[in-house]
Asker: 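Quick one: the structure is below, and I'll ask about it shortly.
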Amino acid sequence: MAMLLHACCGPCAMYPVDMLLEQGRDIDLFWYNPNIHPAFEWQRRLDNLHRCADHFSVDLIEGGDNCLQSYWEEKTYLADYESRCHMCYDIRLDAVASYASENGYESFCTTLLVSPYQQHELIRHTAEQKAEIYGVKFEYIDFRPGFRKGQNMARDIGLYRQKYCGCIFSLESSEFRDKIYRLFGTPGSLASTSTE
Ligand code: SF4
């Protein structure tokens with residue numbers, strides 16, 4: 001029985017996929033990241049995840065919507081969430097747990113657990129809640145010891161390695177913001193690249 005592994009991007013998927021395949025695990029990758037802004041950055045990360053999937057010869061399932069920036073901006077400060085990142089994890093982990101449950105996967109996990117920059121315990125807690133809701137096993141794996149190895153593997157195969165987490169807020173606060181805007185265009189044209 002397979003594990004459904006949610007992947008936030010190609011570089012973060014490299015180490016977890018390599019490690020799980022080394023262990024002889026059967027895995028499918030799952031893309032669902034409507035937090036990523038602007039839309040063509042969303043597409044670029046998806047394209048690079050396809051390159052990662054091809055590299056390892058694993059299947060990649062595209063879980064749906066592309067950039068939902070207006071939804072994101074409207075809902076961000078809902079009182080149900082402790083933080084914007086909590087909402088961001090919740091949206092994505094809900095989708096992977098739901099898909100895993102409906103499609104007969106043995107378990108699910110996420111490559112968000114490889115990053116030392118993410119809120120690891122909050123991701124774990126949110127995933128455990130989703131496992132209970134959807135009646136599918138969440139397999140907790142701390143991938144963080146392999147973070148650097150995975151980034152090096154991504155560089156070795158020429159994957160695009162982004163300079164901000166994904167949402168417009170992380171883009172605005174990135175030290176690379178001005179450079180990124182020069183590449184993408186002005187903030188006004190950024191907004192127009194959203195698909196909703
Ligand atoms: S900083 Fe990253 S995890 Fe937090 S809301 Fe933005 S994209 Fe999501």
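No experiment lies behind these values; they were computed from the predicted model shown. Atoms within each ligand, like the ligands themselves, are counted from 1 in listed order.
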Asker: If you measure from each non-hydrogen atom of Cys88 to ligand 1, which part falls under 4.0 Å: side chain, backbone, both or neither?
Answerer: side chain
Asker: Any chance the side chains of His125 and Gln119 put a donor and an acceptor closer than 3.5 Å?
Answerer: no
Asker: Could you tell me, atom by atom, which parts of ligand 1 come under 4.0 Å of a heavy atom of Cys165?
Answerer: 1 (S), 2 (Fe), 3 (S), 7 (S)
Asker: Considering only heavy atoms, does Met87 approach ligand 1 within less than 4.0 Å through its side chain, its backbone, both, or neither?
Answerer: neither
Asker: Go through ligand 1 atom by atom and flag the ones less than 4.0 Å from a non-hydrogen atom of Gln118.
Answerer: 3 (S)
Asker: Taking the six-membered ring for Trp, are Tyr140 and His120 parallel (under 30°), tilted (30 to 60°) or perpendicular (over 60°)?
Answerer: perpendicular
Asker: Does the plane of the ring in Phe143 sit parallel, tilted or perpendicular to the ring in Tyr15? Use 30° and 60° as the thresholds.
Answerer: perpendicular
Asker: Could you tell me if Asp94 and Tyr134 have a donor-acceptor pair between their side chains, going purely by distance under 3.5 Å?
Answerer: yes
